[in-house]
Chemist: 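This structure is in structure tokens; I'll ask about it shortly.
The analysis underlying the following values was restricted to heavy atoms, covering all of them including side chains, and did not include hydrogens, waters or symmetry mates.
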Amino acid sequence: MNRCAFGSVVLALSCLAASPVFAEDKPCFESRKDASELTPHKIQDGVPSVKCSPKTGAVLWWGDPFDATVGMGEMPTPGDYSGGVAVVRPREEKLTLMALCGVACHNGTLPPPPKDKNPRALTMHQDVVPDALNLQHGRGAIWCLDCHHPTTRNKLIDNFGKPISFNEPQKLCGKCHGPIYRDWRDGIHGKRIGEWASNGRKRWFVCTECHNPHDVQQGARNSGFAQLEPEQAPMLPKGLKNADHERHGEHGATPSTAARLVERLKLWLQRITARPDPVLPAPRAHATQAAPGGALLAPALPLAPRDGIRGAGIRDHALVVDR
């Protein structure tokens, strides 16, 4: 290989190394596909903001869980977020038509505000709600205007008719889903990433980042959360034939957790059932007494215990006539 050819190869490799990896630039979703997409980018020290799964397109881990987040804002009721710093990722900027909703299409005058909230077929937004007369949310008890503001369409609505930001859907969902909202508020329901300390900084995932509000029921699945494609099983260490590391004996592994539990239960049952036999006092010589007619009466010797069962050898003393 001459110098020119060698130099060309080195230059090509250098360009490839300096160019970004296309797989890393491909957007992936955090919690719900088509609703929580983000594009990976480099943060400090060259660490990627997120690592995407090449198989499922989901986020595997976060280089910075607080990247592009803002404060949760004022919450009317204290919760687990009150003890630390609670942040969320704003979603309004991801809704491309949000800026036009309240100006071009729905400006409060045109189209005329609806007279009631009764369900009707929609001529628009069929990509979001294919069948407005069969809304897959609420089982027929609610419709679009129970959640969307009737005149300010780029806002949601609370029970008092006040607007709610699309960045705070938890305030809307709590109108109907009280127990779930309380669990979310207390840190039981939902997803959080960030610092472990109770007073630490955490990023909270809001309702619509995980649940599709226009298709909660998902038809026959009747589930509030869309199925996720599972990741590929991890590669097994060299020499292992399967992933059941605790049961196959050719590798000298210990018994499985279930087998150990059964064995412990057996030993425990043996201890509580096999108790020592009772020791009965020997009869005393002066226990004999005279019965009517001059016969000598003495207590009978106790019977030996049977089968090691507690109390099996205890019987009432029978009087034996000694003539």
Chemist: I need the full list of ring pair (Phe, Tyr, Trp, His ring centres under 6.0 Å) pairs touching residues 163-185, with sequence neighbours left out, sorted by first then second residue.
Modeler: W184-W204

Chemist: Please say yes or no: joined through hydrophobic side-chain contacts below 4.5 Å, possibly via intermediate residues, are F29 and V59 part of one cluster?
Modeler: no

Chemist: Keeping the roles fixed (side chain from D64, backbone from F66), state whether a donor-acceptor pair exists under 3.5 Å.
Modeler: yes

Chemist: Report yes or no: does D116 contribute a side-chain atom to a donor-acceptor pair with the main-chain N or O of N118 at less than 3.5 Å?
Modeler: yes

Chemist: Give a yes or no answer on whether the side chain of Q217 reaches the backbone of R139 with a donor-acceptor pair at less than 3.5 Å.
Modeler: yes

Chemist: Strictly distance-based, threshold 3.5 Å: is any side-chain N or O of K171 a donor or acceptor partner for the main-chain N or O of L156?
Modeler: no

Chemist: Would you say the side-chain atoms of S53 pair up with the backbone N or O of T56, donor to acceptor, closer than 3.5 Å?
Modeler: yes

Chemist: For the atom pair CD1 (I180) and CD1 (I188), what is the distance rounded to the nearest 0.5 Å?
Modeler: 10.0 Å

Chemist: Is a side-chain donor or acceptor of K55 paired with a backbone partner of P230 at a separation under 3.5 angstrom?
Modeler: yes

Chemist: Give the other cluster members for L133, using side-chain heavy-atom distances under 4.5 Å between Ile, Leu, Val, Met, Phe, Trp and Tyr residues; answer none if it is isolated.
Modeler: none

Chemist: Has the side chain of T152 got a donor or acceptor atom that lies under 3.5 Å from a matching backbone atom of N154?
Modeler: no

Chemist: Are more than 12 heavy atoms from other residues, nucleotides or ligands located less than 6.0 Å from atom NZ of K162?
Modeler: no

Chemist: To the closest 0.5 Å, what do you measure between NZ (K42) and OG (S49)?
Modeler: 9.0 Å

Chemist: Got a salt bridge between E209 and R203, using NZ or NE/NH1/NH2 to carboxylate O under 4.0 Å?
Modeler: yes

Chemist: Walk me through whether V87 and R201 qualify under side-chain contact (heavy atoms from CB on, under 4.5 Å).
Modeler: CA-CA 8 Å; V87 298; R201 187 182 183 191; 4.1 Å; yes

Chemist: Say whether H41 and T39, considering side chains only, have a donor N or O and an acceptor N or O under 3.5 Å apart.
Modeler: no

Chemist: Do the side chains of P119 and L135 get nearer than 4.5 Å, heavy atoms only?
Modeler: no

Chemist: In Å and rounded to the nearest 0.5 Å, what is the CG to CD1 distance from L172 to I164?
Modeler: 5.0 Å

Chemist: Is the side chain of S82 donor-acceptor paired with the backbone N or O of P78 at a distance under 3.5 Å, no angle test?
Modeler: no

Chemist: Under a 4.0 Å threshold between the charged nitrogen and the carboxylate oxygen, would K117 count as salt-bridged to D146?
Modeler: yes

Chemist: Hey, what do you get for CZ (R264) to CG (L269), rounding to the nearest 0.5 Å?
Modeler: 12.5 Å

Chemist: Which residues pass the disulfide bond (SG atoms under 2.5 Å apart) test with C28, not counting sequence neighbours?
Modeler: C52

Chemist: Can any side-chain N or O of H214 pair as donor or acceptor with the backbone N or O of V129 at less than 3.5 Å?
Modeler: no

Chemist: Determine, using the 4.5 Å side-chain heavy-atom cutoff (strictly less than), whether V70 and Y81 are members of one ILVMFWY cluster.
Modeler: yes

Chemist: Can R192 be said to sit on top of F205's aromatic six-ring, NZ or CZ under 6.0 Å from centre and within 45° of the ring axis?
Modeler: no

Chemist: Is the closest side-chain heavy-atom distance between T208 and R91 below 4.5 Å?
Modeler: yes

Chemist: Decide yes or no on side-chain contact (heavy atoms from CB on, under 4.5 Å) for K202 and V85, but give the supporting numbers first.
Modeler: CA-CA 6 Å; K202 298 180 182 66; V85 178; over 6 Å; no

Chemist: So C210 and R32, side-chain contact (heavy atoms from CB on, under 4.5 Å) or not? Walk me through it.
Modeler: CA-CA 5 Å; C210 300; R32 180 164 66 91; 5.6 Å; no

Chemist: Just by distance, do the side chain of H211 and the backbone of P213 share a donor-acceptor pair under 3.5 Å?
Modeler: no

Chemist: Less than 4.0 angstrom from a charged side-chain N to a carboxylate O is my criterion; do K191 and E30 meet it?
Modeler: no

Chemist: Begin with the C-alpha distance, continue with both residues' side-chain angles, and end with the deciding distance and a verdict on side-chain contact (heavy atoms from CB on, under 4.5 Å) for V216 and Q136.
Modeler: CA-CA 6 Å; V216 177; Q136 293 294 298; over 6 Å; no

Chemist: Report, as yes or no, whether the 6.0 Å neighbourhood of atom NZ on K175 holds more than 12 heavy atoms from other residues, nucleotides or ligands.
Modeler: yes

